[in-house]
**Student:** 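Structure incoming, see below.
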Amino acid sequence: QVLRQFVRHDSDTVTSLVLERSMNRVQLLGRVGQDPIMRQVEGKNPVTIFSLATNEMWRTGDSEVSQGAVLPLCALGDISQKTTWHRISVFRPGLRDVTYQYVRKGSRIFVEGKIDYGEYTDKNNVRRQATTIIADNVIFLSDS
């Protein structure tokens, strides 16, 4: 029924146009890897750029532990960890400036935004791909 609101039927044709909802949304919670830098490309607005590390942890080993059980880490077997680095770009003027001024290496922050896949040519004239998170919200968290 909701879809019918988005469907347009031409009076004498069989074809119809369906408008489709989609979403590109990312939420990350992690620690800043380096102090932000602000860059400005000629003819474009400045951007604040920094890296954010997120960690994923899991248990490896033979012993099974029921989900939801609270046990000390030593009882869980071997713990493995993977760190993923994300490139964050902030374009919104107010947020860009506050992020540049107050975010520091090691800060714990929450970032909301969208994923952007782009290409660029490096200084050796090689085409490269880059994945960037375009932040539209940055929340500063305390370490305690």
Side-chain angles (χ1 to χ4, degrees), residues 1-10 13 15-61 63-144:
Q1 294 172 355
V2 173
L3 257 183
R4 290 182 187 161
Q5 295 175 9
F6 296 108
V7 177
R8 187 188 80 211
H9 293 283
D10 293 334
T13 63
T15 61
S16 64
L17 173 65
V18 176
L19 300 177
E20 182 177 286
R21 278 189 71 132
S22 61
M23 183 181 297
N24 178 354
R25 198 82 192 132
V26 176
Q27 296 180 328
L28 299 171
L29 174 64
R31 294 211 180 256
V32 176
Q34 92 249 3
D35 289 346
I37 59 170
M38 190 176 291
R39 288 198 180 140
Q40 182 161 3
V41 178
E42 191 173 315
K44 295 187 177 181
N45 290 330
V47 58
T48 295
I49 300 168
F50 62 93
S51 62
L52 184 71
T54 56
N55 295 314
E56 179 181 355
M57 295 175 67
W58 65 93
R59 178 182 54 87
T60 58
S63 62
E64 290 294 322
V65 176
S66 64
Q67 285 189 335
V70 179
L71 296 172
L73 284 177
C74 59
L76 296 177
D78 294 331
I79 303 293
S80 295
Q81 178 176 313
K82 176 185 175 189
T83 300
T84 303
W85 289 96
H86 311 273
R87 178 185 170 101
I88 312 294
S89 294
V90 186
F91 290 95
R92 280 186 32 206
L95 185 60
R96 172 192 64 217
D97 300 333
V98 168
T99 300
Y100 178 71
Q101 186 174 0
Y102 293 107
V103 168
R104 290 293 167 252
K105 178 178 179 176
S107 297
R108 191 164 171 258
I109 62 172
F110 176 76
V111 173
E112 288 182 298
K114 66 179 182 174
I115 297 177
D116 181 58
Y117 300 101
E119 287 187 352
Y120 66 96
T121 303
D122 69 10
K123 53 187 163 191
N124 297 325
N125 210 23
V126 176
R127 273 183 32 174
R128 304 266 183 194
Q129 294 182 344
T131 302
T132 303
I133 306 302
I134 309 298
D136 55 30
N137 195 13
V138 175
I139 298 173
F140 300 82
L141 303 171
S142 67
D143 289 324
S144 54

**Student:** Judged by atom type as modelled, is there a donor-acceptor pair below 3.5 Å linking the side chain of N124 to the main-chain atoms of V126?
**Tutor:**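 No, the answer is negative, given that no donor and acceptor are paired below the 3.5 Å cut-off.
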
**Student:** Please report the closest heavy-atom contact between S142 and R108, naming both atoms and the distance.
**Tutor:**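 Scanning both residues completely, I find the closest heavy atoms to be O-NH1, 3.6 Å.
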
**Student:** Please report the shortest heavy-atom distance between V103 and F140, naming the atom on each side.
**Tutor:**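 Looks like CG2-CE2, 3.1 Å.
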
**Student:** Taking all heavy atoms of G106 and all of R31, pick out the closest pair and write down the distance.
**Tutor:**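 The answer is O-NH1, 2.9 Å.
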
**Student:** Testing the basics here: between F50 and V90, what is the closest heavy-atom pair and its distance to 0.1 Å?
**Tutor:**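 That would be CE2-CG2, 4.1 Å.
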
**Student:** Does R104 reach the side chain of P36, with side-chain heavy atoms less than 4.5 Å apart?
**Tutor:**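 Of all side-chain heavy-atom pairs linking P36 with R104, at least one is under 4.5 Å.
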
**Student:** Could you check R39 against I49 for side chain to side chain contact (heavy atoms under 4.5 Å, CB included), going step by step and ending with a plain yes or no?
**Tutor:** CA-CA 8 Å; R39 288 198 180 140; I49 300 168; 3.9 Å; yes

**Student:** Quick one: are L95 and D136 in side-chain contact, heavy atoms under 4.5 Å?
**Tutor:**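 Side chain of L95 against side chain of D136, heavy atoms only: no contact under 4.5 Å found.
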
**Student:** Please determine whether side chain to side chain contact (heavy atoms under 4.5 Å, CB included) holds for the pair N45 and F91, giving the CA-CA distance in whole Å, both sets of side-chain angles, and the decisive distance to 0.1 Å.
**Tutor:** CA-CA 7 Å; N45 290 330; F91 290 95; 5.6 Å; no

**Student:** When rounded to the nearest 0.5 angstrom, what is the spacing between OG1 in T60 and CD1 in I79?
**Tutor:**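 The OG1 atom of T60 sits 7.5 Å away from the CD1 atom of I79.
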
**Student:** Distance from Q81 atom CD to M57 atom CE, nearest 0.5 Å?
**Tutor:**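 Between Q81 CD and M57 CE, I get 5.5 Å after rounding to 0.5 Å.
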
**Student:** Within a radius of less than 6.0 Å around CZ of R127, do more than 12 heavy atoms belonging to other residues, nucleotides or ligands occur?
**Tutor:**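 Counting neighbours around CZ of R127, 12 or fewer heavy atoms of other residues, nucleotides or ligands fall under 6.0 Å, so no.
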
**Student:** What distance separates T84 OG1 from N55 CG, expressed to the nearest 0.5 Å?
**Tutor:**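 So the OG1 of T84 and the CG of N55 are separated by 8.0 Å.
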
**Student:** One pair to check against side chain to side chain contact (heavy atoms under 4.5 Å, CB included): Y117 and Q129. What are the steps and the verdict?
**Tutor:** CA-CA 7 Å; Y117 300 101; Q129 294 182 344; over 6 Å; no

**Student:** Listed by chain and number, what are the salt bridge (charged side-chain N to carboxylate O under 4.0 Å, His left out) partners of R92, not counting sequence neighbours?
**Tutor:**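 R92 satisfies salt bridge (charged side-chain N to carboxylate O under 4.0 Å, His left out) with no other residue.
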
**Student:** Side chain to side chain contact (heavy atoms under 4.5 Å, CB included) between H86 and I88: does it pass, once the steps are laid out?
**Tutor:** CA-CA 6 Å; H86 311 273; I88 312 294; 4.1 Å; yes

**Student:** So, taking the atom named CZ in R128 and the one named OG1 in T121, what distance separates them when rounded to the nearest 0.5 Å?
**Tutor:**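 Reported to 0.5 Å precision, the distance equals 10.5 Å.
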
**Student:** List for me each residue that meets side chain to side chain donor-acceptor pair (under 3.5 Å) alongside D116, sequence neighbours excluded, and say none if there are none.
**Tutor:**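 Per chain and number, D116 pairs via side chain to side chain donor-acceptor pair (under 3.5 Å) with no residue.
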
**Student:** Report the distance from atom OG1 of T48 to atom CG of D35, rounding to the nearest 0.5 Å.
**Tutor:**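 If I round to the nearest 0.5 Å, the distance is 12.0 Å.
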
**Student:** How close do V32 and L52 get, heavy atom to heavy atom, and via which atoms?
**Tutor:**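 Closest approach of V32 to L52, heavy atoms only: N-CD1, 3.9 Å.
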
**Student:** Of all heavy-atom pairs between R87 and T131, which one has the smallest distance, and what is that distance?
**Tutor:**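 Here R87 and T131 meet closest at CB-O, 4.0 Å.
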
**Student:** T99 side chain to R96 main-chain N or O, any donor-acceptor pair under 3.5 Å?
**Tutor:**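 Between the backbone of R96 and the side chain of T99 there is no qualifying donor-acceptor contact (under 3.5 Å).
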
**Student:** For the atom pair CZ (R25) and CD (Q27), what is the distance rounded to the nearest 0.5 Å?
**Tutor:**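 Rounded to the nearest 0.5 Å, the CZ-CD separation comes to 7.0 Å.
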
**Student:** State, yes or no, whether a side-chain contact exists between E56 and T54 at a heavy-atom distance under 4.5 Å.
**Tutor:**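 Sidechains of T54 and E56: no contact.
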
